[in-house]
Protein chains: 2
Amino acid sequence: MISRPPRPRERGIPEATVARLPVYLRALQALEDRGTLTVSSEALASAAGVNSAKLRKDLSHLGSYGTRGVGYEVEYLVYQISRELGLTQDWSVAIVGIGNLGRALANYGGFGTRGFRIASLLDADSGVVGQSVAGLRVGHIDSLEEAVRDNGVSIGVIATPAGSAQHVANRFVEVGVASILNFAPVVLDVPDGVDVRKVDLSIELQILAFHAQRRADGDGRAPADRTGLELT
Amino acid sequence: MISRPPRPRERGIPEATVARLPVYLRALQALEDRGTLTVSSEALASAAGVNSAKLRKDLSHLGSYGTRGVGYEVEYLVYQISRELGLTQDWSVAIVGIGNLGRALANYGGFGTRGFRIASLLDADSGVVGQSVAGLRVGHIDSLEEAVRDNGVSIGVIATPAGSAQHVANRFVEVGVASILNFAPVVLDVPDGVDVRKVDLSIELQILAFHAQRRADGDGRAPADRTGLELT
DNA sequence: CCCACTTTGTGCGTGGTTTCACAAGCACGT
DNA sequence: ACGTGCTTGTGAAACCACGCACAAAGTGGG
C-alpha cells in the first residue's frame, strides 16, 4: 500500500469553493513564509476569515489531504491548491487601457506572485503608446491580435473607459482569448464559452452605502465597538 | 467567539439582490440618458445581463413599482433604487495609500457619479504627502482621525500594501468608520458591526485561471479522457 | 363595455451552499 | 498494546437563490 493517486479529485468543484481557494492559498503562503509546517482547519479558517467546517468541506473537494489529529501539511496543501487553480503553469496576461487603473494593474507586483505574467500593455491614445510602464513598452491597440499571438496571451484585462470595453472584448474573443477580467462599468456581451469576471469599484461602494444606511436608520443595534453614536 | 446568528436581516432585501441593484441602476441611468421613459423587465434584464424573472423578483423586494402591461418608469425606478441604496444622501470617502492604485481610485470619475465624494487622501510616505492628486492635497496618515472627523468620512478605502492594511483598518474603526473597502490582499479582522468589502485583483485572476485550465483539460469532451485506475 | 394582448408579481420545485454534529482515524504516552 | 486526546471528513438539516410558469392586473382597440 503505497501510491498517492496522482489525480484523486473528480471534476466538479463548486463555484463557491473555487472562489475561496485563492484566499486559502494566500493564508497558507503567509504561514509558509513564517516557517509553519502544519496547520489545523480551525487555525487556517480563522486566518482566511471563514468557518472551519466550510474550509474542511472545501478542501475535501480536492482530496483527502489532511491528517486526523494533526491538520494539514502547509507546503503540500499549497502545492495542491496551486495545481487545482492552474497556477503551476504560466498564464500570459494582456492589459488594454493604460490609464490610471491600467498603470496600477501593470505595476501591481502581487499579480506575478505566481503563475501570471503581464505580457502586453495596449492603449488607443497615441500619447500613451510608446511610453514605458512597469518595464514594458505600451503598444497600440491595433496590434492586439499580434500581441496576443506572439505572447500566447490567454487572459485579457480590460481597463478602458466604458465606451470601448465591448469593442476590446470582441477583439479578444476573436483572437481566442476566452478569459476576460473587466474593470469597465459595463455588462459585456460575449459568446458562450468565454469567461468574463467583472470588478466594479463603484458597485462595491454602493453596496457599502446600502449597509451603512441600514445601520444608520432605525436599526436598534449599534456597532459593537463604538458607543452607538453615528453622525451623517 | 462571536455568537450572533440571529440577525441575517431585519426587514430586508436579500444580499444577492443588493449586489445586483447597482447593476440595474447603471443600466437604468444609461436608458435615462438615451431618453427612454419606460422599460420592460425583459429589456432591462437583458441590459443588466440577468434573467428577467430574477430582475422582477429583485425589484419586488423594493415594492411594486411596475405597471402590468407596460413596464417600469425609468426615472421613478432610478429614484427608488438610489434611495434604497442610500445614494440620495452624500457619503464622504477617505482613501489611504496613494500609490498607483490609490491614485487610480482618486481619479476614477465614476465614483462621484452620485452620492460619493472623495474627501481625503492619506499616505505614510513623506514623498507623497503634500502632492496634489485629483485636485486634493495628500495628507499624512497621522492626521487620519482629524481628516475623518473634519470631513464626516463614513467610508474608508484601503489601498495600502498588505502590511499596513490591518493597522489602517484599526484606526478607521476607532474613529467610527464602519464601512471599509479593502484592496490590500489580506483578510481584515474587525469587530462586529463593521462592514468590510474586499476587492482582490489577483484572486479574480486565479479564478479565471481555474476555469481556463478546466477548459483546456477536457477541451472537446469531458468524459473518459483519462479515467485510469484510482485507489485510495 | 368587453375582449385580446402585454407584462408584472409570485408560488413552487429544484439545486447549490452553509452549518452542525459526530464517527472515523491518527499520534502519542504509558 | 491500548487508551486518551485531538482533528479531519462527511452525513444530514437548514437556508438561500434561481428560474419556470402562470394568475393577476393593467392597456388599448373595436
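Residue numbers begin at 1 in each chain, while the letters A, B, ... track the order of the sequences.
Nearest nucleotide to the side chain of B/R56, out of C/dT10, D/dT8, C/dT18: C/dT10. Relative to the side chain of A/K54, the nucleotides D/dA17, C/dC12, C/dT19 differ in distance, and C/dT19 lies closest. The nucleotide whose nearest atom lies closest to any side-chain atom of B/A53 is, among C/dT8, D/dC20, D/dG9, D/dC20.
Distances shown here put a side-chain N or O of A/R20 below 4.0 Å from the OP1 or OP2 atom of C/dT18. OP1 or OP2 of C/dG9 lies within a sub-4.0 Å distance of a side-chain N or O belonging to B/S64. Checking the phosphate oxygens (OP1, OP2) of D/dG9, a side-chain nitrogen or oxygen of A/Y72 falls inside 4.0 Å. OP1 or OP2 of C/dT17 has not a single side-chain nitrogen or oxygen of A/N51 nearer than 4.0 Å. Distances shorter than 4.0 Å separate none of the side-chain N or O atoms of A/S41 from OP1 or OP2 on D/dT7.
No N or O donor and acceptor, one from the side chain of A/K57 and one from the base of D/dG9, sit under 3.5 Å apart.
Donor-acceptor pairing under 3.5 Å is recorded for the side chains of B/Q80 and B/Y76. With no hydrogens or angles considered, a side-chain donor-acceptor pair links A/S202 and A/D200 at under 3.5 Å.
Atom P of nucleotide D/dA25 and atom OH of B/Y65 are separated by 19 Å, given to the nearest angstrom. If you measure from atom CG of A/L44 to atom P of D/dC6, you get 20 Å, rounded to the nearest angstrom. Here D/dC15 presents its P atom at 18 Å from CD of B/E15, a figure rounded to the nearest Å. Note: CG (A/L77) to P (D/dT7) measures 16 Å, nearest angstrom. Atom CG in B/L55 sits about 15 Å away from atom C1' in D/dA17, given to the nearest Å. Rounded to whole angstrom, the span from the CG atom of A/L59 across to the P atom of C/dT18 amounts to 14 Å. In this structure, NE2 of B/H61 is placed 12 Å from P of D/dC16, rounded to the nearest angstrom. Spacing between atom CD of A/E73 and atom P of D/dT7 amounts to 17 Å, rounded to whole angstrom units.
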Can you give me the N/O atom pairs linking the protein to nucleotides 26-30 of chain D at distances under 3.5 Å, or say none if there are none?
none

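Listed for the A/Q166 side chain is a donor-acceptor partner under 3.5 Å among the backbone atoms of A/D189. Panel note: side chain B/R215, backbone A/A178; a donor-acceptor pair is recorded below 3.5 Å. Here the side chain of B/Q213 pairs a donor or acceptor atom with the backbone of A/E84 at under 3.5 angstrom.
In this structure, A/Y108 and B/L201 approach most closely via the heavy-atom pair CD2-CD1, 3.9 Å.
With a 6.0 Å radius and a threshold of 12 heavy atoms from other residues, nucleotides or ligands, B/E15 has its CD atom above the threshold.
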Evaluate the side chain to side chain contact (heavy atoms under 4.5 Å, CB included) criterion for residues A/F172 and A/V96: first the C-alpha distance (whole Å), next the side-chain angles of each, then the deciding distance (0.1 Å), finally the verdict. CA-CA 10 Å; A/F172 267 139; A/V96 178; 3.6 Å; yes
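At the heavy-atom level, A/T17 lies nowhere under 4.0 Å from the strands shown.
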